[in-house]
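Only one structure is covered here, and it is reproduced in the block below.
The first residue in the sequence is number 1, and the count goes up from there.
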Amino acid sequence: MTLKRLGLLMGVIAALMSAASHAGAAQVTQVDRPACKYLLKGEIAKGDLEELQATEIKYGDSLCLESDGGSYQAGLNIAEYLVGRGIYTVIDRKSHCFSSCAIIFMAGSESEEGIQLSLRRMHITAQLGFHAPYVLPPVTSYTSEHIKAAYAVGLDAVARMMTLGQNAYGLGEGHIPNRVILELLKKGPDEVYLVDTVLKSAELDIQLFGVPKARWAPPEACNACIVRNGGFSTTDACDRARTAPSRRVDKKTVEYTFNGFGAEGASSCVVRVRSEGDKPMRASIVTNTDPEEGPPSGAHFSQLTDQDALSTAKTFEELTADFKD
């Protein structure tokens, strides 16, 4: 095995077990914020789970996170503790959450009729990033025991990330999609997988706040089609959104049809926009319909949110600059 590969393996184990070398640790405090009741701030290290457990945080509470990361092992311990406890996680306005902090963030949850659902909220000005394990400085040699230990701990960490929040039957993906785990494992020691677009946040089932109210003009409705189709659309699907076919469903509702969605762009996406006087306009969507026949009778239209209307072609930083203009 090459020195570089050995260094990478040892880097994994160093990142996971680095809590012992950390001088500081995160602080958990009760706060008076609109977005959350508790705040975990600082470097993630051994003992942080016990500090969190020592607070009065409970089911239904919210936990803000602000950290550059730290020990992967400590972060995974906190994440596994939070999963299923009905405590939702938040990254507040202009805050950041990287590396092991991001893993904790993904453990946020709520309970609905006894079913555990993920609940993570992020302000559109915040930063969320998954960081690759760092690499130890080169050394002259590694023993076989070093290699075995690094390999075992590295595999265990990846398995714990993949199964975080997985259902009791071990079916399906956990709270962190496998595709995202593969992306972060591809990153180099100085690279971050940033969640900086509405498509990335939708893939991770993250609720955005600090987003302007959608006006639900045709371009925004078409943006929602891209988001709700997971990005599966032709590159020009929304280029002519303003001239998309439309019809009146009733006096208060307009229906827009956009083509070029689904597999090979062969399906249509239909959005209905309802206006009721001074109330904010509401929009609902049905995806993957037949371009010729439209939605079948009795088709279920899912409610859209303001974040669905955000442009998929811009980063959050670019979008917030637009909001100021």
Side-chain angles (χ1 to χ4, degrees), residues 91 102 105-106 108-109 117-122 124 126 128-130 161-162 164-167 171-187 192-209 211 214 216-241 244 255-273 282-291 294-296 299-319:
I91 310 175
F105 175 70
M106 294 303 295
S109 67
L117 304 172
S118 62
L119 179 56
R120 291 83 63 134
R121 302 187 70 235
M122 172 181 167
I124 196 167
L128 171 66
F130 294 86
M161 282 192 288
M162 292 180 70
L164 183 68
Q166 197 175 52
N167 66 39
L171 302 175
E173 293 186 327
H175 283 349
I176 307 176
N178 292 343
R179 194 198 69 79
V180 175
I181 292 176
L182 289 174
E183 285 294 329
L184 72 92
L185 290 176
K186 291 177 186 176
K187 297 297 181 183
V192 175
Y193 177 78
L194 279 177
V195 181
D196 58 355
T197 68
V198 66
L199 277 176
K200 289 181 180 179
S201 62
E203 181 180 25
L204 293 174
D205 196 22
I206 295 170
Q207 292 184 11
L208 299 177
F209 64 105
V211 176
W216 293 119
E220 292 180 315
C222 196
N223 284 337
C225 285
I226 296 177
V227 173
R228 290 302 181 99
N229 276 279
F232 289 101
S233 65
T234 58
T235 55
D236 60 349
C238 292
D239 286 356
R240 295 175 295 277
E255 181 179 279
Y256 299 100
T257 300
F258 306 99
N259 297 318
F261 292 90
E264 300 180 356
S267 299
S268 294
C269 174
V270 178
V271 176
R272 288 180 177 175
V273 178
R282 294 182 300 162
S284 55
I285 190 170
V286 61
T287 59
N288 296 327
T289 65
D290 188 296
H300 173 70
F301 279 74
S302 301
Q303 196 71 29
L304 292 171
T305 66
D306 293 326
Q307 75 183 68
D308 292 318
L310 295 175
S311 171
T312 58
K314 295 184 177 182
T315 65
F316 291 152
E317 184 177 1
E318 292 169 333
L319 287 170

Is it possible for you to check whether K200 lies under 6.0 Å from the centre of the six-membered ring of Y193, through NZ or CZ, and within 45° of that ring's axis?
yes
Check whether any side-chain heavy atom of [X] sits under 4.5 Å from a side-chain heavy atom of [Y], and report yes or no.
{"X": "F105", "Y": "I91", "value": "yes"}
{"X": "I176", "Y": "M162", "value": "no"}
{"X": "F130", "Y": "L204", "value": "yes"}
{"X": "V211", "Y": "L319", "value": "no"}

Once rounded to the nearest 0.5 Å, what's the spacing between atom [atom1] of [X] and atom [atom2] of [Y]?
{"X": "R120", "Y": "D205", "atom1": "CZ", "atom2": "CG", "value": "5.5 Å"}
{"X": "L185", "Y": "N178", "atom1": "CG", "atom2": "CG", "value": "10.5 Å"}
{"X": "D306", "Y": "L208", "atom1": "CG", "atom2": "CG", "value": "10.5 Å"}
{"X": "L199", "Y": "N223", "atom1": "CG", "atom2": "CG", "value": "9.5 Å"}
{"X": "F232", "Y": "C269", "atom1": "CZ", "atom2": "SG", "value": "14.5 Å"}

Heavy-atom neighbours of E183 CD exceed 12 at 6.0 Å
yes
Once you find the SG atom in C225 and the one in C238, is the distance between them below 2.5 Å?
no
Assess whether a salt bridge exists between E173 and R179, defined as any Lys/Arg side-chain N lying under 4.0 Å from an Asp/Glu carboxylate O.
no
Establish, from distance only, whether the side-chain atoms of S268 and N259 form a donor-acceptor pair under 3.5 Å.
yes
With distance as the sole test, does N229 use its side chain to make a donor-acceptor pair with the main-chain N or O of I226 at under 3.5 Å?
no
